[in-house]
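Numbered from 1 within each chain, the chains take letters A, B, ... in sequence-line order. Since the model is a prediction, treat every value here as computed from it, not as a measurement. Side-chain atoms are counted along with the backbone in the values below, which use heavy atoms only and exclude waters and symmetry mates.
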Amino acid sequence: MRVWLPATLLASLLLALSAGMPVLEPLFNWVQPGKQQVIYERESFLFLLQNHLMLVVVSAAVGTLVAVAGGIFVTRPFGRDFLPLVGQVASIGQTFPPVAVLALAVPVLGFGEAPILLALVLYGLLPILRNTLAGLEGIDPSVREAALGMGMSPVLVLVRVELPLAGRVILAGIRTSVTINIATAAIGSTIGARTLGDPVIAGLVNGNTAYVLQGAILIGLLALTTDSLFEALERSWDRRLQSVGV
Amino acid sequence: MIELKNVSRHFGNTIAVDGVNLTIETGEVCVLVGSSGCGKSTTLRMINRLLPYSAGEILVDGEDITTMNPEQLRLNMGYVIQGTGLFPHWTVARNIAMVPTLLNWPRERINARVDELMTLLDLDPSAHANKYPQQLSGGQAQRVGVARALAADPNILLMDEPFGALDAITRENLQLEMLRIQKQVRKTTVFVTHDIDEALKLATRIAVMDQGRIIQHDTPENILRHPASDFVENLIGKQDRGLKLMSLRPVRDLMANHTEPRQSEPGEHVLREEDSVRLALSVMLWQDLRQVAVFNAQEQETGVITRERIIQEGV
């Protein structure tokens with residue numbers, strides 16, 4: 001149970017701050033003297049947090065589905081021809097800055113939630129795809145050979161042998177993807193999506209450091225919470241194998 | 001019974017297997033031997049349809065394997081490979097239970113079978129059943145591999161250089177183990193190796209392969225006595241033939257039996273009826289003896305074997 005403790009603590013801190021930011025008004029008055037308003041109030045932080053999370057969760061879910069399915073497809077006998085192409089795209093895509101994806105998506109999809117979702121899905125897909133490929137390709141070929149040779153159907157080999165063995169690596173890919181996307185989603189505020197980036201943008205426009213800080217703290221906390229959540233997930237995954245000392 | 005009729009496999013312009021005809025009788029251990037790239041593994045993997053063949057036909061118990069569902073076919077063929085191919089995320093017991101689980105055996109029957117097999121392969125179930133493959137030594141892992149192949153009591157056993165990656169002592173132990181198990185279970189076995197000594201030791205018949213063809217298919221003794229070509233002669237080691245023939249022959253054949261077994265004190269290293277004549281000679285040379293007493297499994301002295309007899313008739 002102890003592995004879940006940091007994640008729980010960070011999550012409670014995140015929720016407490018989102019709900020009770022006005023409590024810290026004196027602190028922000030000190031940071032940003034001479035402003036009438038130091039607590040961002042155009043939208044509740046809880047709503048922004050919820051919307052931000054929604055964007056990340058939806059894009060991560062879609063990205064994971066597409067990337068894992070794609071990774072499986074190109075490692076099957078009938079999809080092998082696409083493996084080099086997909087592998088390259090996954091690597092090259094990583095060098096593409098997220099802001100650029102956003103800039104390219106807006107002309108096509110207009111302002112609002114849609115373009116940021118597209119950008120998040122596309123950008124988040126790549127680390128998962130790359131790790132799915134690494135995980136599946138990293139399996140000892142003799143294991144697959146034995147599984148097939150002993151009479152498992154290809155689908156069973158995938159479900160009972162390949163995915164469990166590649167799962168840890170795929171999970172690491174999802175972790176990278178989600179962490180990056182939490183930061184990237186904030187940029188969505190520049191194109192009209194409601195995210196925790198809103199106070200940051202508003203603060204920058206109005207020269208209000210307190211707003212910027214509030215947004216940044218919450219985004220940072222969200223990223224930390226999610227990351228420690230994945231950390232705990234990976235630990236408990238390892239522990240399942242390690243309880244016997246792999 | 002497995003029959004290969006004119007089986008070929010082309011690979012673009014290269015020919016991996018070229019018109020192979022081979023009949024493996026029920027209960028026989030057929031060893032395919034040859035240098036790497038000669039097509040022996042390819043031949044083996046065509047029998048369980050891991051590889052397709054371009055021409056010819058393969059029959060298992062008279063039935064063309066292309067008409068069978070490949071999974072059904074493989075469930076009835078144990079398969080052991082060099083790298084063991086054990087599932088690293090499953091315990092030893094679960095690895096062995098793989099095929100029975102696929103066949104939906106009831107839980108108790110599977111557990112009983114796993115225990116039985118681990119005991120058969122000299123693995124203590126209480127010590128090893130819940131270990132993971134990474135925690136086993138190479139020899140133990142390969143024992144598990146063999147147990148897994150035997151789990152659902154298949155009619156046929158396919159073994160692709162199963163002992164190739166093991167050290168000499170472990171390999172020899174497992175070879176002996178295999179001979180012992182084969183005596184009990186009598187599986188139709190196709191065994192691939194590049195080691196001619198392993199072939200001579202395990203085979204009832206050997207098929208020597210070179211460049212995709214079968215050069216000679218015969219009993220170990222006939223291969224040694226009448227090699228079909230220079231290639232086979234080189235493979236078995238021309239000069240070494242005498243000793244190799246001796247190692248095929250049990251002491252029982254050449255010993256002078258006592259009229260009735262005598263009780264006596266067998267030492268720690270005694271010669272047994274089923275040991276090879278080669279071993280008997282070696283013992284005599286080392287201990288500088290003219291003759292050695294031979295014991296049966298009940299620790300009774302049943303006869304003696306003499307140096308003269310071995311020199312005269314050993315080969």
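- Residues of residues 131-153 of chain A lying under 4.5 angstrom from chain B, judged on non-hydrogen atoms, are A:Ser142, A:Val143, A:Glu145, A:Ala146, A:Ala147, A:Leu148, A:Gly149, A:Met150, A:Gly151, A:Met152, A:Ser153 in numerical order.
- Residue B:Phe11 places its CZ atom among 12 or fewer non-hydrogen atoms of other residues, nucleotides or ligands, all under 6.0 Å distant.
- Taking 4.5 Å as the heavy-atom cut-off, none of the residues of residues 155-172 of chain B approach chain A.
- Counting heavy atoms of neighbouring residues, nucleotides and ligands inside a 6.0 Å radius, atom CZ of A:Phe47 exceeds 12 of them.
- Below 4.5 Å, heavy atoms of chain A meet heavy atoms from B:Arg45, B:Asn48, B:Leu50, all part of residues 27-54 of chain B.
- Dense packing is recorded around CZ of B:Arg180, with more than 12 heavy atoms of other residues, nucleotides or ligands lying under 6.0 Å away.
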Practice task
Begin from the C-alpha positions of B:Met98 and A:Val161 and carry the test side-chain contact (heavy atoms from CB on, under 4.5 Å) through to its verdict.
Solution key: CA-CA 11 Å; B:Met98 171 193 166; A:Val161 179; over 6 Å; no

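- For residues 109-117 of chain B, heavy-atom neighbours of chain A at less than 4.5 Å comprise no residues at all.
- In terms of non-hydrogen atom pairs under 4.5 Å with chain A, the most contact-rich of B:Val80, B:Asn69, B:Leu75, B:Thr91 is B:Leu75.
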